[in-house]
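Just so we're clear, the structure is a prediction, and the values are computed from it rather than from any experiment. Atoms within each ligand, like the ligands themselves, are counted from 1 in listed order.
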Amino acid sequence: MTDTDTVVTRFAPSPTGYLHLGHAYAALFAHRCAREANGRFLLRIEDIDPGRCRPEFEAAIYEDLEWLGLDWERPARRQSDCMDDFEAALDRLNRLGVLYPCFCTRAEIQAEIAAAHGAPHLVAHGPDGPLYPGTCRALSDGERESRAQAGEPFALRIDMARAAALAGPLHWQDRDRGEIRAEPRIFGDVVLARKDTPASYHLCVTVDDHIQGVTLVTRGEDLFPATHVHRLLQALLGLNTPQYRHHGLLTGPDGRRLAKRDKAKTLRALRAEGLHPATVRAMAEMTELV
Ligand code: GLU
């Protein structure tokens, strides 16, 4: 087997809370995909959100994964240490002419969407809700410059129609669903650099999977739609396209998926109650891998 054939997977949690069973499942799933292919398993800490990420949650990630018996290549990649990589990617997109500054506040966007509700056909919806109405796409260069120079904070959005036209038709291989045609326009002009941090989930995941040499992205099916955007960014940035596997999500007794905000029991709470890591591992091993 040559190095280029080696399967490389990763687990990419955000240190915004303690890991719960859903995270354990995702981590074990990625680890198993690598192990069964004699591949490599990596860890990435997705900590670009300065308001929500906390050092104690990052420390807990390492501790909880060790408790589960997982081993990853050290050191883990921490996104907050890699801002130069994201800046370089934004530069390249900017040179392609597919980015524009967006000065809108959340309230302004909501007001615009609410105003269009009188004419609901004007409100387009994507996987994450109503699409950005495109207000700042129409600004002139002069207006952009004067508002930026006046110190008005801005995000960077991708001009999706333009970017998709530039990239042309794109596909990716989903291990379970086969060849998927990328439809990034369903997301509208997503933010690639936020006002509070000059990067975004979509940008960082795409850049990092390439830099880390990930060949198989495994993650929950809630992130399946995001792959449309990631495939486009790969094409625009000249990055590798990994294969994908989007696995099912664990649900709680109420049938809803486990989530931090729903106070799903954390691994450390379960551990304190006497849960054994082998039980958690067995649960992840029950899923059939093709
Ligand atoms: N950091 C993301 C999360 O915690 C996962 C990113 C990914 O797997 O693409 O949901």
Visitor: My understanding is that a hydrophobic cluster links ILVMFWY residues whose side chain heavy atoms are under 4.5 Å apart, including indirect links. Using that, what else belongs to the cluster containing V8?
Guide: L42, W172, I180, V214, V217, F224, Y244

Visitor: Under 4.0 Å from a heavy atom of S14: which atoms of ligand 1 are those, numbered in the order shown and with their elements?
Guide: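 That gives atoms 1 (N), 4 (O) of ligand 1.
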
Visitor: Show me which atoms of ligand 1 lie under 4.0 Å from any heavy atom of R219.
Guide: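 With R219 as reference, the close atoms of ligand 1 come out as 7 (C), 8 (O), 9 (O).
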
Visitor: In chain order, what residues pass the side chain to side chain donor-acceptor pair (under 3.5 Å) check against Q212, with sequence neighbours excluded?
Guide: R44

Visitor: Name the residue from T218, I45, L70, L43 that meets the side-chain contact (heavy atoms from CB on, under 4.5 Å) definition with F11.
Guide: L43

Visitor: Look at the aromatic rings of H247 and F29 and report parallel, tilted or perpendicular, splitting at 30° and 60°.
Guide: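 Tilted: the ring planes of H247 and F29 meet at 30° to 60°.
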
Visitor: Answer yes or no for Y201: is there a heavy-atom contact with ligand 1 below 4.0 Å?
Guide: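 It does; at least one heavy atom falls under 4.0 Å.
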
Visitor: If the cut-off is 4.0 Å to any non-hydrogen atom of E46, which atoms of ligand 1 fall inside it?
Guide: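 Once the distances to E46 are compared, the set is 1 (N), 2 (C), 5 (C), 6 (C).
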
Visitor: Step by step, work out the side-chain contact (heavy atoms from CB on, under 4.5 Å) result for R157 and L192.
Guide: CA-CA 6 Å; R157 289 183 181 272; L192 293 189; over 6 Å; no

Visitor: Relative to ligand 1, is R10 under 4.0 angstrom through side chain, backbone, both or neither, heavy atoms considered?
Guide: side chain

Visitor: Could you tell me whether some N/O pair between T218 and ligand 1 is separated by less than 3.5 angstrom?
Guide: no

Visitor: When you compare ligand 1 with A12, is there at least one nitrogen or oxygen pair between them that comes in under 3.5 angstrom?
Guide: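 It does: an N or O of A12 is found under 3.5 Å from an N or O of ligand 1.
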
Visitor: Do H23 and Y18 have ring centroids that are under 6.0 Å from one another?
Guide: no

